[in-house]
**Student:** 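Input: one structure, supplied below.
Remember, predicted model here, so these are calculated numbers, not experimental data. In what follows, chains carry the letters A, B, and so on, assigned in the order in which the sequence lines appear, proteins first and then strands, with residues in each chain numbered from 1.
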Amino acid sequence: MSGRGTSFWLMKSEPDSFSIDDLQRRPAQTEAWDGVRNYQARNFMRQQMRVGDQAFFYHSNCEQPGIAGLMRIASEAYPDPTQFERGHHHYDPAARPEEPRWFLVDVRFERKLSRVITLTELREHAGRLPGFRLLAPGNRLSILPVSPAHWRYILKLE
DNA sequence: GCCAACGTTGGC
DNA sequence: GCCAACGTTGGC
């Protein structure tokens, strides 16, 4: 794939584990987005993400699910080291160092939104966001693409 | 904490 | 290759 501009993404994290504030406090405001154990999400990182792409930081499984901030993809995909760490929550006994199963990218904090754009609010705008996978019934993908038009539309809600 | 909607695993 | 069982996700 070539000749594309930057793309846009939405990446979910449970704020109890890792929040937009945690990212802001990291050295260089950058962190490895580890723990993705879904092939579709992995493939987005490996095949389509590029350094400089922008992403929504989405807080999931919490009191106020929604988009909390913006970040940039800061690295190409590389093997997620936690898959090899015996005893680690994300340890995968089937993964071998010479043939890693799981990958991650580094992400860099860009800014917090002035307020969280909640899932409830996004649903109210579903009519203007056709095909937005976050709103698809039963969706559980933790990394999903956002079209440029949807990205712009959502940011105007801030 | 519950549970519906998924994806993955593994027996056959 | 089918499909039931199981584990995970994530809203509520």
**Student:** What residues from residues 116-125 of chain A pass a heavy-atom cutoff of under 4.0 Å to DNA chain C?
**Tutor:** L119(A), R123(A)
**Student:** If you pin N61(A) and R101(A) to their nearest nucleotides in DNA chain B, which one's is more 5'?
**Tutor:** N61(A)
**Student:** Could you check whether L134(A) gets within reach of a base, just the sugar-phosphate, or nothing at all, counting any heavy atom under 4.0 Å?
**Tutor:** nothing
**Student:** Sequence neighbours left out, what passes side chain to side chain contact (heavy atoms under 4.5 Å, CB included) with E31(A)? Give chain and number order.
**Tutor:** F18(A), L23(A), R26(A)
**Student:** Which is it for R25(A) and S19(A) under the side chain to side chain donor-acceptor pair (under 3.5 Å) test, yes or no, and what are the steps along the way?
**Tutor:** CA-CA 10 Å; R25(A) 285 192 292 263; S19(A) 71; 5.0 Å; no
**Student:** If we count only N and O atoms by modelled type, under 3.5 Å, do the side chains of E14(A) and S60(A) hold a donor and an acceptor together?
**Tutor:** no
**Student:** Working note: S13(A) + F57(A), criterion side chain to side chain contact (heavy atoms under 4.5 Å, CB included); need CA distance, chi angles, decisive distance, verdict.
**Tutor:** CA-CA 7 Å; S13(A) 178; F57(A) 194 126; 3.8 Å; yes
**Student:** Below 4.0 Å from chain A heavy atoms, what is the first contacting nucleotide of DNA chain C and what is the last?
**Tutor:** dT8(C) to dC12(C)
**Student:** Need one value for R42(A): base, sugar-phosphate or nothing, where a base atom within 4.0 Å counts as base even if backbone is also close, heavy atoms only.
**Tutor:** nothing
**Student:** Verify the distance criterion only: is there a donor paired with an acceptor across the side chains of D92(A) and W102(A) at less than 3.5 Å?
**Tutor:** yes
**Student:** Without hydrogens or angle criteria, can the side chains of R37(A) and T82(A) be said to hold a donor-acceptor pair below 3.5 Å?
**Tutor:** yes
**Student:** Would you call D21(A)-K112(A) a salt bridge at under 4.0 Å N-O?
**Tutor:** yes
**Student:** Looking at F103(A), I'd like to know if the NZ or CZ of R42(A) sits under 6.0 Å from its six-membered ring centre while staying within 45 degrees of the ring's axis.
**Tutor:** no
